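Residues take their numbers from the sequence shown, with the count starting at 1. For ligands, and for the atoms within them, numbers begin at 1 and follow the listed sequence. Computed from a prediction, not measured in an experiment: that's the story for all the values here.
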Amino acid sequence: MPLEPPSNAEISQAAAALRAGELVAFPTETVYGLGADATNPQAVARIFAAKGRPRFNPLIVHVCDLGAARRLGDFDPMAEKLAAAFWPGPMTLVVQRKDTAGIPDLVTAGLATIAIRIPSHPVAQALLRAAGCPIAAPSANISGHVSATTAAHVRSDFGDRVETVLDAGPTRCGLESTVIDAATAPISILRPGAITTGDIAQIAGYVPERGTTDDQSPSAPGQLASHYAPAAAIRLEASRAAPGEALLAFGPCPAPHTGPMVNLSPAGDVTEAAINLFAALRELDRSGCKAIAVMPIPAVGLGEAINDRLQRAAAPRGLGNTMS
Ligand code: TXA
Ligand code: MG
C-alpha cells in the first residue's frame, strides 16, 4: 500500500491532464485502468498506441453515475435492474449506443453497442467527477499481457510512457469486471469477472449463457485469443511442477517444491486466489522461469473467472492473437 492515497491536488492534476488529452492510469476496484477522455479521439488513439492494442477491440467507457451512463446508451428494464444491483461496482454493461452519445467510433470499434461501467473505487470516482468527462479505459497493461493490480505493475509495463499514475495500492478484486451483453435479450456473459454468474442469475432471474467467443467477430472481441499472458509458458491442471517449472499452487501443496512458487490461497479460497492471481503471474515471471505449472482451481464462484484468465494465459500465442 502507498502511505497516502492520492491527494485532491493530485487528482485535480490528473483530471487536468485527461482534459488536455493525456493518458492517466488510475485504480478501480478490479484492476488499474489506462484512461483517456472518451470524447477525444486523439486521446483515445494514444491508448491504442501505448498498449499496442488492435483497433478493432473496443474500450469500456467509465462514468460516475447512472445519469451519465444513460446519456451514452439505451437501458432497457433488464439493464436498469442489473445497474441498480451492481453499480457502482465491478460490472460492465454492453448496451445499444445512443446516437447522441458523443463518443468517437474508435472507442467502440464502430459497433452499434457501447460498454459502460460505473466503478466504485473512491479514486476512480473522484477522478471521473473532477474530469467531468467519461473516461475510456482498458486494463493498464501492454496488450495481451497480465493485467495490472498495482501501480508498480503499470509502471513496469509502460515506464515513463504514461506520466500520470494514481497509486492507491493493490486493487480490491484483482480480476476485471464481468462484461454482460445487455443489448439484446436474453443477456449473456461476454467475460466472466469479479461478479459471479450466480450473482447475476439472482438478479436476472435466469442463468445467462456465455456469449459467443468468435475471434473474427467484432461483436464479441477479446474473448478467446491469447491474453493475460505472462512471458513464461503456462501448463494447466498440474498436480506438481516438473523440474525447471515454477509452481502456481492453490490449496495445500501436494508435494514439496524447491523452485519459484506462489500459492494463490493455501486455504483454497477462490476469492483470495482472484485477488492474488495477476500479481502472482508477474512475480513468477520475474523469477525468470520458462514455464509455470498451475494446480487445478475449482470453477465455482470466482473460480470461473480465474479459470477463464488462466486458459487464455495458456492459449497459443502468436501474431494477431492478443487482444487487450
Ligand atoms: O475491470 C475492468 O473491466 C477494467 C477496468 C479498467 O475497468 N477494464 C478492462 O478493459 O478490463 P479491457 O479493455 O482490458 O477489456 C474490456 C473488454 C474487452 O474484452 C472488449 O473486447 C470488451 O470488453 N468490450 C468493450 N466494448 C465492447 C462492446 N461494445 N461489445 C462487446 N465487448 C466489448
Ligand atoms: Mg485487458
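A donor-acceptor contact shorter than 3.5 Å links the side chain of Lys51 to the backbone of Ser139. Of the possible polar contacts, one joining the Tyr206 side chain to the Ile187 backbone as a donor-acceptor pair under 3.5 Å is found. Remark: the backbone N or O of Gly251 is paired with a side-chain donor or acceptor of Asn263 at under 3.5 angstrom.
When non-hydrogen atoms are compared, ligand 1 lies under 4.0 Å from neither the backbone nor the side chain of Asp181. For Asn57, every heavy-atom contact with ligand 1 shorter than 4.0 Å involves the side chain, none the backbone. Heavy atoms of Arg53 found under 4.0 angstrom from ligand 1 belong exclusively to the side chain.
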Audit row: Thr30, Ser177, side chain to side chain donor-acceptor pair (under 3.5 Å) steps and yes/no: CA-CA 6 Å; Thr30 57; Ser177 62; 5.6 Å; no
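Atoms of ligand 1 lying under 4.0 Å from at least one heavy atom of Ile60, given by number and element, are 3 (O), 8 (N), 9 (C), 10 (O), 16 (C). For ligand 1, the atoms sitting less than 4.0 Å from at least one non-hydrogen atom of Leu111 are 28 (C), 29 (N), 30 (N), numbered in the order shown with element in parentheses. Interface atoms of ligand 1 facing Thr30, defined by a heavy-atom separation under 4.0 Å, are 1 (O), 2 (C), 5 (C). Every atom of ligand 1 is numbered from 1 in the order shown, and the set under 4.0 Å from a heavy atom of Val31 is 4 (C). Ligand 1 places these atoms under 4.0 Å from at least one heavy atom of His62: 5 (C), 6 (C), 7 (O). Heavy-atom contacts of Arg117 reach the following atoms of ligand 1: 1 (O), 2 (C), 5 (C), 7 (O) (cutoff under 4.0 Å). Within ligand 1, counting atoms from 1 as listed, the ones closer than 4.0 Å to a heavy atom of Leu190 are 31 (C), 32 (N).
Pairing each heavy atom of Thr149 with each of His153, the nearest pair is N-ND1, 3.0 Å.
Between Glu245 and Arg235, the closest side-chain pair of non-hydrogen atoms falls below 4.5 Å. Counting heavy atoms from C-beta on, the side chains of Ile180 and Thr92 never come closer than 4.5 Å.
With a 6.0 Å cutoff to the six-membered ring centre and a 45° limit on the axis angle, Arg312 does not count as a cation-pi contact of Tyr228.
In summary, no N, O or S atom of Ser143 is located under 2.8 Å from the Mg ion (ligand 2).
Annotation: Tyr32 places no N or O atom under 3.5 Å from an N or O atom of ligand 1; distance criterion only. Close N/O approach between Arg191 and ligand 1 is found [any backbone or side-chain N/O within under 3.5 Å]. Where the criterion is an N or O separation shorter than 3.5 Å, residue side chain and backbone included, Ser139 meets it with respect to ligand 1.
Summarising the local packing, CZ of Arg240 is surrounded by 12 or fewer heavy atoms from other residues, nucleotides or ligands at distances under 6.0 Å.
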